[in-house]
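In what follows, residues are counted from 1 in the order of the sequence shown.
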Amino acid sequence: MSSPGAAGTWTPWRTVVAFGVVSLAADMVYEGMRSVTGPFLVSLGASALVVGLVTGAGEGVALLLRLAVGPAADRSGRHWRYATAGYGLTAVSVPLLALTPFLGAAGLAVACALVLAERTGKAVRSPSKSALLAGIAKDVGRGRGFAVHKALDQVGAFAGPLLVAGVALVAGHRLWAGLALLAVPGAVSMALLTRLRRRAPIEGRPPSRRADRSPTARLPRRFWVLAAGAALSTVGLMTFGVLSVVVVRGGVLSAAVVPVAYAGAMVVEAVAALGAGWAYDRVGAAVLLGVPVIVAGVPVLLLGAALPLTLATVGVGLASWGAATGLQDSVVKAFVADVAPSDRLGAAYGWFAAVQGTAAFVGGGVAGALLGHRGVLVVVLVTAQVAALVVFAVAVLDPSRRDS
């Protein structure tokens, strides 16, 4: 990795912020899409089960593929190439969704494929971006570094859904029109990434031959305990695609207003990430114990089984969903970097995401299949969070230190 004082290389804080700005533009694209994925697929003829499986599989793809690309990035040291390819795939696939309503019977299948393609782009870029950020943020505090990046990232997650909602309303509730306009921030993200790569030429450290031969050999027990806890937590954190179907069918929100609700959840996610990041640097990994507690409240509030489905319960439920997501995406990533060897970060993020991705697929499928039995679904998801709390406690209290 280039030193901060090298000619043409930005300081750690400036590089963290620059990564955040790139993610801001990219998030406008893929979070704008995710905010309407459920209603959009339904408009093409998808059932609730199909929405649950596709969105769950999408999250699974975004996580499971990192199992391959993370170690590959470590071996090659070409983290910038992986990041650029991943961002490019997202920037192209999302605007193409705007064409699917005009493809007749093939529209739904093509839309599902493009949703998975966008998530593939996320998988390709994320391990390299996270490994680079972990190295940079070490000098500023990993909790704070990941939190600031996440907060900037969430500005895009807020703006993208609002852009889609605004365009859809102006275009007579045509969601495809909003998706088409996402080509603009997609192009901006690629231009910004090119500048960042030129001004901050950061490369991963060379891998060891031993690491090449055995990708899991140097990942400590504490890492796997953390991954198990995150998996249990993820099972209970339903995809927004399923949640949006519930609130629209329940008559609480219209399809055109769903992106606004999603944008609000993204604001909560950003604030939660910042607070949790600062707390992580001060008090340590105990912050993780709040994740399953918050996640457990989501199905109770949003499924209409334990409580009536009202505007108030939907608002608090979506805020809880956003807060839990913010903690998972900031504090958990910082903890992974602190327990995994520094020369195996790409592999660590890949394996961690593979476990979490399997849980996302299972969670999406379970939520979609049990929507007709919501009382049972609430029990299943809350039980998963009780188990997650126990496992996270084991990870936090584990006295072992990472092998660096």
Test item: T358 side-chain N/O and A354 main-chain N/O as donor-acceptor pair under 3.5 Å: yes
Derivation of the side-chain contact (heavy atoms from CB on, under 4.5 Å) call for V300 and V382: CA-CA 8 Å; V300 173; V382 171; 4.1 Å; yes
Heavy-atom closest contact (V69 atom, A123 atom, distance): CG2-O, 3.2 Å
Over all atoms of both residues, closest heavy-atom pair of A231 and A359: O-CB, 3.1 Å
Pairwise side-chain contact, L65 with V124, heavy-atom cut-off 4.5 Å (strictly under): no
Check: M28 and M33 side chains under 4.5 Å, non-hydrogen atoms: no
Donor-acceptor pair, side chain of D281 and main chain of G143, under 3.5 angstrom: yes
N/O donor-acceptor pair under 3.5 Å between S233 side chain and G229 backbone: no
Candidate pair V36 and V258, rule side-chain contact (heavy atoms from CB on, under 4.5 Å), full reasoning: CA-CA 7 Å; V36 297; V258 165; 5.7 Å; no
Worked verdict on L226 versus V336 for side-chain contact (heavy atoms from CB on, under 4.5 Å): CA-CA 8 Å; L226 172 63; V336 168; 3.8 Å; yes
Any V50 side-chain heavy atom under 4.5 Å of L41 side chain: no
Nearest heavy-atom neighbours spanning A147 and A273: CB-O, 3.3 Å
Interatomic spacing from CH2 in W224 to CH2 in W351 - rounded to 0.5 Å: 5.0 Å
From L175 atom CG to S43 atom OG, the distance as rounded to the nearest 0.5 Å: 6.0 Å
Intermediate values then yes/no, side chain to side chain donor-acceptor pair (under 3.5 Å), S76 and R81: CA-CA 10 Å; S76 67; R81 293 190 181 182; over 6 Å; no
Nearest heavy atoms of L53 and G365, plus distance in Å: CD2-CA, 3.9 Å
Check: R374 side chain, L303 main-chain N or O, donor-acceptor pair, under 3.5 Å: yes
Donor-acceptor contact below 3.5 Å, side chain E118 vs main chain V92: no
Contact check, side chains of V225 and F392, non-hydrogen atoms, under 4.5 Å: no
Residue of the set T84, T120, T90 for which side chain to side chain donor-acceptor pair (under 3.5 Å) holds with R125: T90
Side-chain heavy-atom pair F40, V51 within 4.5 angstrom cut-off: no
Side-chain touch L288/L327, heavy atoms, less than 4.5 angstrom: no
Steps toward side-chain contact (heavy atoms from CB on, under 4.5 Å) verdict (V391, L232): CA-CA 9 Å; V391 176; L232 288 166; 3.9 Å; yes
Spatial distance of atom CD1 (I294) from atom CD (Q385) [nearest 0.5 Å]: 10.5 Å
Y349 side, atom OH; R66 side, atom CZ - distance, nearest 0.5 Å: 11.0 Å
Closest heavy-atom pair and its distance - L318, A265: O-CB, 3.6 Å
Backbone N/O of G32 and side chain of S35: donor-acceptor pair under 3.5 Å: yes
R222, R142, K333 screened by side chain to side chain donor-acceptor pair (under 3.5 Å) with D338, the one that passes: R142
Side chain to side chain donor-acceptor pair (under 3.5 Å) assessment of S23 paired with Y87: CA-CA 9 Å; S23 292; Y87 278 115; 3.2 Å; yes
Side-chain heavy-atom pair L152, V17 within 4.5 angstrom cut-off: yes
Any D27 side-chain heavy atom under 4.5 Å of Y30 side chain: yes
Aromatic ring pairing F102/W176, orientation class (parallel under 30°, perpendicular over 60°, tilted between): perpendicular
K150/E269 under salt bridge (Lys or Arg N to Asp or Glu O under 4.0 Å): CA gap, chis, key distance, verdict: CA-CA 9 Å; K150 182 63 179 178; E269 183 174 343; 2.8 Å; yes
Distance in Å, T313 OG1 paired with L309 CG, rounded so as to fall on 0.5 Å steps: 5.0 Å
Interatomic distance, L179 atom CG to L97 atom CG [nearest 0.5 angstrom]: 5.5 Å
Candidates V283, L289, V291 - the one meeting side-chain contact (heavy atoms from CB on, under 4.5 Å) with V287: V283
Close aromatic pair by centroid cut-off 6.0 Å: F19 and W13: no
Closest approach of G156 to P161 (non-hydrogen atoms, all atoms of both residues): O-CD, 4.1 Å
